[in-house]
Number of protein chains: 4
Amino acid sequence: MTGAAQSRLRTIIERVERLEEDKAGIMGDIKEVYDEAKGEGFDVKILRKVVSLRKLDKTVREEQETVLDFYLTAIGDR
Amino acid sequence: MTGAAQSRLRTIIERVERLEEDKAGIMGDIKEVYDEAKGEGFDVKILRKVVSLRKLDKTVREEQETVLDFYLTAIGDR
Amino acid sequence: MTGAAQSRLRTIIERVERLEEDKAGIMGDIKEVYDEAKGEGFDVKILRKVVSLRKLDKTVREEQETVLDFYLTAIGDR
Amino acid sequence: MTGAAQSRLRTIIERVERLEEDKAGIMGDIKEVYDEAKGEGFDVKILRKVVSLRKLDKTVREEQETVLDFYLTAIGDR
DNA sequence: GTGGGTTTGTGGCACC
DNA sequence: GGTGCCACAAACCCAC
């Protein structure tokens with residue numbers, strides 16, 4: 001491996017690790033929100049379920065829109 | 001559930017969903033870095049392995065310190 | 001589902017359940033060892049930490065070999 | 001820590017690690033059974049669900065028996 | 001469509 | 001008893 005490639009490799013690894021730190025930070029933030037909610041008497045397990053269900057719904061809705069777009073385009077309506 | 005509680009619930013869900021969007025964004029960024037590296041001829045599978053190994057190493061080092069602290073505390077040395 | 005398939009299904013489930021019983025038994029044995037150690041004055045929390053750290057060390061060593069293999073293969077050395 | 005204690009410590013760690021190896025072996029066996037079932041056309045996801053449901057049922061049944069025992073004893077019927 | 005890896009969810013377990 | 005933590009199990013997604 002050339003010196004240049006090694007340098008690039010190092011840069012890549014560092015960029016990924018930096019981003020993973022950011023990700024870990026955000027995951028910590030999410031946990032904090034849930035902990036706070038828990039302190040107010042909410043059931044965290046259920047809250048997590050709500051979030052995941054809404055995400056699913058959103059995905060389904062977007063897929064439906066995609067299908068709709070496809071059909072509309074197919075019949076020359078846009 | 002009172003109106004106030006409903007309002008709080010909505011706020012909590014929204015905050016989590018906002019953070020999850022951020023997280024998804026960062027995960028996208030990580031993927032981009034890997035894609036870019038792949039375009040330069042690096043083997044993504046190996047890169048991922050390297051990153052995870054470095055994380056593991058870091059974890060081990062921290063664990064070792066934790067165990068050491070345990071022992072020092074156990075023998076009354078702090 | 002044919003009768004034969006039902007019979008196979010039954011056999012599969014029973015084999016898994018038998019193995020899970022074995023597993024539960026071993027987990028019980030592990031707990032006994034720790035309880036015994038506790039009775040002799042050892043700090044179980046530390047013991048568990050030591051075991052997990054040693055496992056982590058082992059994992060890291062294996063991972064390092066895996067990465068090394070990857071590289072050797074990548075540069076066509078095998 | 002005395003030499004005797006160190007020796008005991010070593011024995012304890014080794015016993016636990018040996019048991020954990022056994023446990024890992026059994027977990028591997030369970031995986032093999034599922035893989036085999038998959039090869040015969042069974043849906044592993046569903047199989048796992050069946051096993052976990054039966055385990056839950058068993059727990060519930062045992063609890064019900066415990067309650068039954070309690071009542072029977074309470075009314076002096078055993 | 002099959003396997004591997006990553007992420008998420010759940011249960012048990014120890015500690016307070 | 002109840003709370004936080006950790007290991008196990010499940011679901012998910014991508015690449016091949």
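Labels below follow one simple rule: chain letters A, B, ... track the order of the sequence lines, proteins then strands, and each chain is numbered from 1.
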- Query: So what does D:Met27 touch, heavy atoms closer than 4.0 Å: a base, only the sugar-phosphate, or nothing?
  - Reply: sugar-phosphate

- Separation of atom CD1 in B:Ile46 from atom C1' in F:dC16, rounded to whole Å: 16 Å

- CD of D:Glu32 versus C1' of E:dG3: gap in Å, rounded? 16 Å

- Query: Atom CD of B:Glu20 to atom P of E:dT8: distance rounded to whole Å?
  - Reply: 7 Å

- Could you tell me whether a side-chain N or O of D:Thr73 sits under 3.5 Å from a main-chain N or O of D:Asp69, the two making a donor and an acceptor? yes

- What does D:Lys55 touch in the nucleic acid at a heavy-atom separation under 4.0 angstrom: a base, only the sugar-phosphate, or nothing? nothing

- Message: If you assign each of D:Lys23 and B:Asp35 to its closest nucleotide in DNA chain F, which residue comes earlier from the 5' end?
- Response: D:Lys23

- Message: Strictly distance-based, threshold 3.5 Å: is any side-chain N or O of D:Ser7 a donor or acceptor partner for the main-chain N or O of D:Gly3?
- Response: no

- Query: For B:Lys49 and E:dT6, is the shortest distance between a side-chain N/O and OP1 or OP2 below 4.0 Å?
  - Reply: no

- Message: For a quick check of understanding: with a heavy-atom distance under 4.0 Å over all strands, which category does D:Lys45 fall into, base, sugar-phosphate or nothing?
- Response: sugar-phosphate

- Take atom OH of D:Tyr34 and atom C1' of F:dC8, then tell me their distance rounded to the nearest Å. 13 Å

- Message: What is the distance, to the nearest angstrom, from the CG atom on C:Leu19 to the C1' atom on F:dA9?
- Response: 16 Å

- Task: Return the 5'-most residue of the pair B:Arg48, A:Arg48 with respect to DNA chain E, ranking by each residue's nearest nucleotide.
- Result: B:Arg48

- Item | Separation of F:dA9 P from C:Glu17 CD (nearest whole Å) | 14 Å

- Task: Could you pick out which residue, B:Lys31 or A:Lys38, lies toward the 5' side of DNA chain F when each is mapped onto its nearest nucleotide?
- Result: A:Lys38

- Would you call A:Lys55-B:Glu21 a salt bridge at under 4.0 Å N-O? no

- Query: Under the salt bridge (charged side-chain N to carboxylate O under 4.0 Å, His left out) criterion, do B:Arg61 and B:Asp57 qualify, and how do the steps go?
  - Reply: CA-CA 6 Å; B:Arg61 277 196 301 277; B:Asp57 276 336; 5.3 Å; no

- Message: Quick test of your reading of the model: are A:Arg15 and B:Glu36 salt-bridged, counting only N-O distances below 4.0 Å?
- Response: yes

- Query: Within this structure, what is the CD1-to-C1' distance between D:Ile26 and F:dA7, rounded to whole angstrom?
  - Reply: 17 Å

- Query: What integer distance in Å separates A:Asp43:CG from E:dT10:P?
  - Reply: 11 Å

